[in-house]
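Here the structure comes first, spelled out in structure tokens, and everything after it is commentary.
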Number of protein chains: 2
Amino acid sequence: MSTPTARDRLIGAAQDLFAVQGVGPTSPRAVLTASGVGQGSLYHHFPTKHDLAVAAVGANVDQALAQAMRTLGSDSPAIERLVAYLERPRDALAGCKIGRLTADQAVMDDDGLRDVLDAYFVRLLGVVTGIFRETGLPDDVARDRAHAALAIIQGGYVLARATQDPDALTAAVRGFVGLLTQKEHP
Amino acid sequence: MSTPTARDRLIGAAQDLFAVQGVGPTSPRAVLTASGVGQGSLYHHFPTKHDLAVAAVGANVDQALAQAMRTLGSDSPAIERLVAYLERPRDALAGCKIGRLTADQAVMDDDGLRDVLDAYFVRLLGVVTGIFRETGLPDDVARDRAHAALAIIQGGYVLARATQDPDALTAAVRGFVGLLTQKEHP
DNA sequence: GTCTATAATTCGATAGAC
DNA sequence: GTCTATCGAATTATAGAC
């Protein structure tokens, strides 16, 4: 544990660099420099950049899903779980480690990597849709609202980065939660 | 008109390539190949890639703002204008020409380019906030809802690209508009 | 398994003829 | 103003010693 393997150090360095810069702009050389291993070690463990990217992006997705489930999967009432997830502190100016990659051409052109992104959002959409169904909404409405909830987060990141204002994300969340929690009288 | 100048052809080609690939991954060489001009012409009109990017991204922003104002600035009632903007047909799988660039490190590291993105969203936020104020909402609530509305579009693009499903964007919009148009009883 | 050295290509940018 | 030719540095990846 105190001496991680070269493979683990490569994945860790790649996770950080891909989250900050994206996959395309991050060179294998940058990863091995940050990890402190030699050139040959990288290409021994990960023959191509694709292999390294699948491993590192997959690790980021696993960690993000685990963290999301800490709020979404708690034992609080449905809407409270969702609001807790939406209002969770986020590094708005950094952007979403996963969502950002949808703008990364190197990711979108790689079937394996796209599948990793797809799995992340399909999983989250399923969980959030289930939460809205718990509140008694019909399936199609629950699904639409789940899309809206996740879009608020992803779009809030975009607004925050564009305006260099972290509060753009929290403002979007406030606006959405305000609509969500107003009383409905159909 | 039938024979655009080399400068205009360069900007046009750059607008398309930057919208599809982002600025970072698009080489000046790719732009001049797509535009059909020679190497020297590009560097005559745009000494650096930065100069070309500011011109082309600026042109995309101007066009996007003009199109947005066609719905947001019409003479319909406030909420109708907003809903028309939200429901406008969009190429969801292509992503937002402007919003996508917030994930482009080459853009975010360039002050001039970041200012162009910032101006686009600040302008849109101002207009949409004004629309919500027309409906009688207090300033702070109007501003939060404006952030939410634009986040829905940007986040909807992200979801659509990640899941390769254009309906993810329309679902997010439906979910948000459904919340917006439900009766409020404070 | 890990290292150094280096190959082949592409990058952004420049030189200089016309 | 536009062109071809080319520079130096960076890219992804391979070779081969240890």
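Note that the structure is predicted; figures quoted are calculated from it, not measured. Lettering of chains follows the sequences in order, A, B, ..., and the numbering in each one begins at 1. The analysis underlying the following values was restricted to heavy atoms, covering all of them including side chains, and did not include hydrogens, waters or symmetry mates.
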Sequence neighbours excluded, the answer for side-chain contact (heavy atoms from CB on, under 4.5 Å) partners of B:Ala168 is A:His147, B:Leu159, B:Ala160, B:Thr163
Between A:Ala30 and B:Val37, whichever has its closest DNA chain D nucleotide further toward 5' is B:Val37
| Has the side chain of A:Arg161 got a donor or acceptor atom that lies under 3.5 Å from a matching backbone atom of B:Thr102? | yes
Tell me whether A:Lys49 contacts the main-chain N or O of A:Val23 through its side chain, where contact means a donor paired with an acceptor under 3.5 Å. yes
Notebook entry, point to check: CZ of A:Arg123: more than 12 outside heavy atoms within 6.0 angstrom?
Noted result: no
Residue set satisfying salt bridge (charged side-chain N to carboxylate O under 4.0 Å, His left out) with A:Arg9, at least two apart, ordered chain then number -> none
Discussion item. Using a 3.5 Å distance criterion without hydrogens, assess whether the side chain of B:Gln67 forms a donor-acceptor pair with backbone atoms of B:Ala64.
Written reply: no
Note: contacts of residues 6-27 of chain A with DNA chain D (heavy atom, under 4.0 Å) are A:Thr26, A:Ser27
So, with a heavy-atom separation below 4.0 Å from DNA chain D, the residues of residues 39-53 of chain A are A:Gln39, A:Tyr43, A:Thr48, A:Lys49
Using a strict 4.0 Å threshold on nitrogen-to-oxygen distance, state whether B:Arg174 and B:Asp167 make a salt bridge. yes
side-chain contact (heavy atoms from CB on, under 4.5 Å) filter on B:Ala146, not counting sequence neighbours, yields B:Leu125, B:Val128, B:Thr129, B:Phe132
With the threshold set at 4.0 Å, does a side-chain nitrogen-carboxylate oxygen contact exist between A:Asp140 and A:Arg143? no
Looking at B:Tyr85, is B:Arg90 sitting on its ring face, NZ or CZ under 6.0 Å from the six-membered ring centre and within 45 degrees of the normal?
yes
Footprint ends on DNA chain D, 5' to 3', for atoms under 4.0 angstrom from a heavy atom of chain A, come out as D:dT11 to D:dT14
